[in-house]
Amino acid sequence: MRARMIRDGLSGLIAVALALGIAELIAALTGAVAPIIAMGGLLIDNAPGWITHLVIDALGTKDKPALILFVTVATLAAGAGIGIVGRSSDRRAQIGFIALGVVGAIVATIDTPASTTQGSLVAAFGPIIGATLGWQAYRLLRLAATPEAAASVEAANVSEATRAQSMTRRVPGRRAFLGFATVTAGASAAAFVGGRKIAGSSVDVDAQREALSLNAGDQSAKGALDLDGLSPLITPNKDFYRIDTSLVTPRIDLAKWRLKVSGMVERPFEMTFDELLGMPSREEVITLTCVSNEVGDDLVGNARWLGVSLADVLKKAGVRPGATQIVGRSVDDFTVGFPTEVALDGRPALIAYGMNGEALPGPHGFPARLVVPGLYGYVSATKWLTEIELTTWEAFDAYWVPRGWSKTGPIKTQSRIDVPRDGRTVKPGRVAIAGVAWAGDRGIKQVEVRAYARDTPPDAATWMTGTLSEALSGNAWRQWVVEWQGAQPGDYVVEVRATDGKGETQTNKRQRSDPDGATGWHQIDIRVKA
Ligand SMILES: Nc1nc2c(c(=O)[nH]1)N[C@H]1C(S)=C(S)[C@@H](COP(=O)(O)O)O[C@H]1N2
Ligand SMILES: [Mo]
């Protein structure tokens, strides 16, 4: 009995795996979003903001593979369920497969941008054909497994005599089942791998990046501090943090890409990538940070961005009076919104296509993204940018706003201790304490550090002023180092505070990141021991 249940469950599972494989393959061939990815995307977009935040926090950048795995396992489990339920009734199993196909088709259609060549309805093909073939495979698996089933099917077509004959021949249930199960599973795997291959080769982002020649300037970071464990002044692309809601990195074909400028403008227009490259370029060092960065965390990076001034593009379109909000839209339907005035107040807000002397890497928004000095990424830094829409502040809430994050996102002043690491033991005498500090578009004027023996009042310790790296721009972070002289053995708390270019010192009031960015001084514990 148990064995039969396992076999039936396995039949359903393998048949659904085949359905998924075929759906994946067809999605790759048609440029649609595969149902598993679509379902994962739908979960991300519709989960309450705090869950998304929790998952991203807990799993870091592993959240995406984890979510895909979860959806896949859940779907296969549903397949096993269908197999077990279907034992007593073919009808029920059939309904199960139809339900999977319909859900897959709807989800994939919702998630496939209407802008794909064939339109979003094409996404329904994969799940429907997959479910149909999966259903056929399931019936064959059942047939192979149970002599009775084989017999009952034959009974419909053949005479009483032949049926008796076939019964006595005894359909070899186990062997036939295992053989057919293996073939089906193999076909499923082949469809999956084939699908991935096709999807991967259709648009090669790195090949397109390498083919571009950009007029990036000198990439050296003069005046940088260099200390073991200290964040480099310019964050290499490969180490730059990554945050987005996109389950698979969008692969954009440069030839098809267009940037649309729309909404409350005098002259709405579209431009190609070549036209964007043809506009006057500028290169700016800008620190980008995520609003969900807690005090002391590393969702922050500093890069040299090459691109076109957003103000120039807006000038071309002619912003109409009353257009108070700029909305950035992405191929994956992610949106940001920020005040129009920040694009026009002189700060170098960019439509960036280069990052640290290279074309923008795929995960960071190839071919173009927004980078706005002074604003957290979630309200400004649209990756895979496709549209800039002028609207009003009242008319539209961008992606993260209904999910509980603040509508405006100016970057708060923060400083972080990189060296020594929290919990380390250091030698008495001279202790180098170092890190980075940033304050959006206000720049950093001063960084101070104090160290006090644990169990003593912090205010008894004096603030030591740090040496700063050169300010690469008023929108960039600065490295800092403090030489703590004459450290005596003991357990210490070390803390840091920064003062921005306007003379404002960062608050010590502790606040978690949501809804508008963390505040408070970063603290570490260290032990001084001979
Ligand atoms: N298309 C798109 N762009 C996006 C996001 C996103 O989810 N989708 N996330 C934003 C957020 S929250 C941040 S902090 C920055 C991060 O940019 P990075 O991944 O290049 O560091 O991208 C922003 N741009
Ligand atoms: Mo973010």
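Positions are given from 1 along the sequence. Please read these numbers as outputs of a predicted model, since none were measured by experiment.
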With a 3.5 Å cut-off and no angle check, do the side chains of Asp516 and Gln511 form a donor-acceptor pair? yes
Close side-chain approach of Val16 and Phe97, heavy atoms under 4.5 Å: yes
Aromatic ring proximity Phe240/Trp305, centre distance under 6.0 Å: yes
Gln325 and Thr340: side-chain donor and acceptor closer than 3.5 Å? no
Please find the pair of heavy atoms, one from Ala144 and one from Ala176, that lie closest to each other, and give the distance. O-CB, 3.7 Å
What pair of heavy atoms forms the shortest contact from Lys383 to Asp244, and how long is it? NZ-OD2, 2.9 Å
What's the separation between atom OG in Ser380 and atom CG in Leu370, rounded to the nearest 0.5 Å? 7.5 Å
Test side-chain contact (heavy atoms from CB on, under 4.5 Å) on Leu25 and Leu29; report intermediate values, then the result. CA-CA 6 Å; Leu25 181 63; Leu29 287 169; 4.3 Å; yes
Backbone N or O of Trp393 within a donor-acceptor pair of the Lys407 side chain at under 3.5 Å? yes
Does the structure place the NZ or CZ of Arg403 under 6.0 Å from the centre of the six-membered ring of Tyr399, at an angle of no more than 45° from the ring's axis? yes
Side-chain donor or acceptor of Gln94 paired with backbone N/O of Trp135 under 3.5 Å: no
Could you check if a side-chain atom of Val327 sits within less than 4.5 angstrom of a side-chain atom of Thr382, using non-hydrogen atoms only? no
Nearest 0.5 Å please: distance from the CZ atom of Phe125 over to the OG1 atom of Thr30. 8.0 Å
Donor-acceptor list for residues 187-198 side chains, cut-off 3.5 Å, not counting sequence neighbours:
{"unit_1": "Ser188", "atom_1": "OG", "unit_2": "Ala17", "atom_2": "O", "d": "3.0"}
{"unit_1": "Arg196", "atom_1": "NE", "unit_2": "Glu24", "atom_2": "OE2", "d": "2.9"}
{"unit_1": "Arg196", "atom_1": "NH2", "unit_2": "Glu24", "atom_2": "OE2", "d": "3.2"}

In Å and rounded to the nearest 0.5 Å, what is the OG1 to CD1 distance from Thr245 to Ile44? 6.5 Å
Side-chain contact test, heavy atoms from C-beta onward, threshold under 4.5 Å: evaluate it for Leu277 versus Leu214 and give yes or no. yes
Can a donor-acceptor pair be found, under 3.5 Å and without considering hydrogens, that links the side chain of Asp422 to the backbone of Ile524? no
Given Leu100 and Ile82, is the side-chain contact (heavy atoms from CB on, under 4.5 Å) satisfied, shown in steps? CA-CA 10 Å; Leu100 277 186; Ile82 291 172; 3.9 Å; yes
Note, Gln414 side chain near Val295 side chain (heavy atom, < 4.5 Å): yes
Can Leu375 and Val372 be said to form a side-chain contact (heavy atoms from CB on, under 4.5 Å), step by step? CA-CA 6 Å; Leu375 300 185; Val372 183; 3.8 Å; yes
Between the side chains of Ser11 and Arg87, is a donor N or O closer than 3.5 angstrom to an acceptor N or O? no
Do Arg242 and Thr249 get their side chains close enough for a donor-acceptor pair, meaning under 3.5 Å? yes
How long is the span from the CZ atom in Arg258 to the CG atom in Leu276, to the nearest 0.5 Å? 12.0 Å
Are there over 12 heavy-atom neighbours, none belonging to Lys260, within less than 6.0 Å of that residue's NZ? no
Nearest heavy-atom neighbours spanning Ala381 and Arg369: O-NH2, 3.1 Å
Tyr138 six-ring centre to Arg92 NZ/CZ under 6.0 Å and within 45° of normal: no
Checking salt bridge (charged side-chain N to carboxylate O under 4.0 Å, His left out) for the pair Asp297/Arg416: CA distance, chi angles, key distance, verdict? CA-CA 8 Å; Asp297 280 354; Arg416 184 182 74 206; over 6 Å; no
Using only atom types and a distance under 3.5 Å, with no angle test, would you say the side chain of Thr392 pairs donor to acceptor with the backbone of Ala395? yes
Taking distance alone, no hydrogens or angles, what donor-acceptor pairs closer than 3.5 Å link side-chain atoms of residues 203-212 to residues at least two apart or in another chain?
{"unit_1": "Asp204", "atom_1": "OD1", "unit_2": "Asp206", "atom_2": "N", "d": "3.2"}
{"unit_1": "Asp204", "atom_1": "OD1", "unit_2": "Ala207", "atom_2": "N", "d": "3.1"}
{"unit_1": "Asp206", "atom_1": "OD1", "unit_2": "Arg209", "atom_2": "NH1", "d": "3.0"}
{"unit_1": "Gln208", "atom_1": "OE1", "unit_2": "Leu254", "atom_2": "N", "d": "2.8"}
{"unit_1": "Gln208", "atom_1": "NE2", "unit_2": "Ile252", "atom_2": "O", "d": "2.9"}
{"unit_1": "Arg209", "atom_1": "NE", "unit_2": "Ala359", "atom_2": "O", "d": "3.2"}
{"unit_1": "Arg209", "atom_1": "NE", "unit_2": "Leu360", "atom_2": "O", "d": "3.1"}
{"unit_1": "Arg209", "atom_1": "NH2", "unit_2": "Glu358", "atom_2": "OE1", "d": "2.8"}
{"unit_1": "Arg209", "atom_1": "NH2", "unit_2": "Ala359", "atom_2": "O", "d": "2.7"}

Tyr376 and Ser292: side-chain contact (heavy atoms from CB on, under 4.5 Å), yes or no, with the steps? CA-CA 9 Å; Tyr376 288 121; Ser292 59; over 6 Å; no
Atom CZ of Arg91: over 12 foreign heavy atoms under 6.0 Å: no
Quick check for you: to the nearest 0.5 Å, what is the distance between Leu310 atom CG and Leu385 atom CG? 9.0 Å
Return yes if some donor-acceptor pair links the side-chain N/O of Arg304 with the main-chain N/O of Met355 below 3.5 Å, else return no. no
Distance alone, cut at 3.5 Å: any donor-acceptor contact between the side chains of Thr272 and Asp274? no
Are the side chain of Trp384 and the backbone of Arg329 linked by a donor-acceptor contact shorter than 3.5 Å? no
Is any side-chain heavy atom of Val261 closer than 4.5 Å to one of Pro268? no
Of all heavy-atom pairs linking Pro35 and Val107, the shortest is O-CG1, 4.1 Å
Would you find more than 12 non-hydrogen atoms of other residues, nucleotides or ligands less than 6.0 Å from Phe396 atom CZ? yes
Which heavy atom of Ala343 sits nearest to which heavy atom of Leu314, and what is that distance? CB-CD1, 3.8 Å
Can you see which heavy atom on Asn356 is nearest to which on Gln219, and at what distance? C-OE1, 3.1 Å
Could you tell me if the side chain of Val313 sits less than 4.5 Å from the side chain of Met271, heavy atoms only? yes
Is Phe334 close to Val336 at the side-chain level, that is, under 4.5 Å between some pair of heavy atoms? yes
Would you check if Ile326 and Ile388 make a side-chain contact, meaning some heavy-atom pair closer than 4.5 Å? yes
Within the 3.5 Å criterion, strictly below it, is a donor on Asn302 or Thr287 matched to an acceptor on the partner's side chain? yes
When the ring planes of Phe366 and Phe273 are compared, do they come out parallel, tilted or perpendicular, using 30° and 60° as the limits? tilted
In this structure, CG of Leu247 is separated from CG of Leu67 (nearest 0.5 Å) by 5.5 Å
